[in-house]
Structures are given as structure tokens and as C-alpha cells.
Amino acid sequence: MSSLDFLSVTAARDANGFHPVSHSSMDRRQREAGATFEEREGWLVPVSLPGEAQWLENVGVADLSHLTVFEVRPSDPEVKGDDVIWYRISDRRSLVLCPPTHAASVRADHGERFILDLSGSLSIIALVGPEAPTVLRRLTHLNHLPASGEVAHINAHVLTVGEMTWIVFAQEFGHYLWEVVVDRAAALGGGPVGVDALLGSVAS
């Protein structure tokens, strides 16, 4: 148990008629685009957006900020499991990303290592579709993934997850980076998509 566990999004509890729900830093822009939201595992998740089927033919941009993100120290051994993404930043630390439903088991499996829940401080943008590599090239010089460096002038981690590219970055830049990525996607016939459409596109 870490003294910083209070930072975890999952630590929030109903109290005195208040029902806490976490929101992505990109929430407002998606509302303006007509997103439909559902509450899932303590997060308000954008599940669908207008026009997403058309955007996915070229490049879809989705918000996966509801995923759990842990920092684990030291890096080794690798944390494994179904739907668990492990990114080794250095010998000292790694990022471990997983669905919120897996968070408890990932915590239990980390052994005696230090583990810090960064879910509330990091955001995730996913790119998928044939034009996704072009969008990424217009955002960053990073081309050997996974990698860490500048994406649209902010520090980020860029991961390849199956057919998707994930950009993991500090949540305070969410509004800005969402606008930049969607703008680059729009120039290629793409646009914002919901989580359900994103996952459906990579499963089909």
C-alpha cells in the first residue's frame, strides 16, 4: 500500500448524495462534436460520435483516458496479462495500461515493487485506420515505436497496440492535443470516434 493511493481514481466513493464520476480532459470537445456518453467503471466514457463510421474508413481518433495507467518501479520483471500493455520507459520505471476491471489484479501481481496510479493525471488518444500512420508523421518525428518524445510540441509516449496507435500524455494538454490530432485527421478524411466504434473496428 502506497501513501499516494489516495490519488487513484478508484478511491472515489459515493457520499452524502454525491456520486463522483471521472471525466477526460477532452470531454468538452467531444460534447461539442455530439458525443454520446456512458458511465463505465467510474468514468464518463464517449462511446459514439456522429459520422464515426465514415471517419473510420480513413482515420478515427478516440479518447481512451478511462483506461487505468500505473507507473511501476523498477521496470523488471514485465507485468503481463490479458489486455495489459506494458511499456518500459527505462530500467527505473515502466507504464502499465489496462482496462479498469483489471486494475486490482495488476496491483496484486506487481509484488513488492512501487506502483502509482496515474489514471487521473494522464490521458490517452488512440488512432486507427489506414491514414493513422500519416497523421502520426504530421504530429511527431517519432517513428520507431514504442517511443517517448515530442508530439505536437508536448512530451508524450507513443505505443503501438495491435492495429492502433496510442498517444499517452499529461492530461492538462488534452484540450490542445485533441484539437491538433482531430485537425490533422480531418485533412485526411478522418475524425473523432467513440470507444465502442474504435474497439469494434479493430475486432472486425
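As the structure is a computational prediction, the values presented were derived from the model and not from experiment.
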Asks: Please test R113 against V79 for side chain to side chain contact (heavy atoms under 4.5 Å, CB included), starting from the C-alpha separation and ending with a verdict.
Replies: CA-CA 11 Å; R113 286 185 288 174; V79 176; 3.5 Å; yes

Asks: Between T68 and S119, what is the shortest heavy-atom contact and its length?
Replies: CA-OG, 3.3 Å

Asks: Honestly curious: do V128 and W166 fall in one hydrophobic cluster under the side-chain, below-4.5 Å linking rule?
Replies: yes

Asks: Taking M26's backbone N and O only, do any of them form a donor-acceptor pair with Q30's side chain (distance below 3.5 Å, no angle check)?
Replies: yes

Asks: With sequence neighbours left out, which residue pairs that include part of residues 169-194 fulfil the ring pair (Phe, Tyr, Trp, His ring centres under 6.0 Å) condition?
Replies: none

Asks: Answer yes if V69 and L64 sit in the same cluster of Ile, Leu, Val, Met, Phe, Trp and Tyr residues linked by side chain heavy atoms under 4.5 Å apart, and no otherwise.
Replies: yes

Asks: To the nearest 0.5 Å, tell me how far D196 CG sits from R40 CZ.
Replies: 4.0 Å

Asks: Would you please name every residue forming a side chain to side chain contact (heavy atoms under 4.5 Å, CB included) with E150, sequence neighbours left out?
Replies: H153, N155

Asks: Please collect all side chain to side chain donor-acceptor pair (under 3.5 Å) contacts where either partner lies in residues 123-134, sequence neighbours excluded, each pair once.
Replies: S25-S123, E131-T134, T134-R137

Asks: Can you tell if the side chain of R92 reaches within under 4.5 Å of the side chain of R73, non-hydrogen atoms only?
Replies: yes

Asks: Of L139, I124, L142, which meets side chain to side chain contact (heavy atoms under 4.5 Å, CB included) against I167?
Replies: L139

Asks: Heavy atoms only: give me the nearest S148-Y87 pair and the separation to one decimal.
Replies: OG-OH, 2.7 Å

Asks: Hey, could you give me the CG/CD distance between L118 and Q171, rounded to the nearest 0.5 Å?
Replies: 11.5 Å

Asks: Can you check salt bridge (charged side-chain N to carboxylate O under 4.0 Å, His left out) on R29 and E179, steps first, answer last?
Replies: CA-CA 8 Å; R29 280 293 178 250; E179 284 192 335; 2.7 Å; yes

Asks: For residues 93-106, tabulate all N or O donor-acceptor pairs below 3.5 Å that involve a side-chain atom, not counting sequence neighbours.
Replies:
from: R93; atom 1: NH1; to: E71; atom 2: OE1; distance (Å): 3.4
from: S94; atom 1: OG; to: S75; atom 2: OG; distance (Å): 3.0
from: S94; atom 1: OG; to: W86; atom 2: NE1; distance (Å): 3.4
from: H102; atom 1: NE2; to: D82; atom 2: O; distance (Å): 3.3
from: S105; atom 1: OG; to: H102; atom 2: O; distance (Å): 2.9

Asks: Heavy atoms only: give me the nearest G189-N58 pair and the separation to one decimal.
Replies: O-ND2, 2.9 Å

Asks: Could you list the residues that satisfy side chain to side chain contact (heavy atoms under 4.5 Å, CB included) with A53, not counting sequence neighbours?
Replies: none

Asks: Would you mind reporting whether V158 and V151 have side-chain heavy atoms less than 4.5 Å apart?
Replies: yes

Asks: To the closest 0.5 Å, what do you measure between CZ (F70) and CD1 (I115)?
Replies: 4.5 Å

Asks: Can you name the nearest heavy-atom pair linking L49 to G194, along with the distance?
Replies: CD1-N, 3.5 Å

Asks: Does L159 belong to the same Ile/Leu/Val/Met/Phe/Trp/Tyr cluster as L136, with side-chain heavy atoms less than 4.5 Å apart forming each link?
Replies: no

Asks: Which residues satisfy the side chain to side chain contact (heavy atoms under 4.5 Å, CB included) test with E112, sequence neighbours excluded?
Replies: none

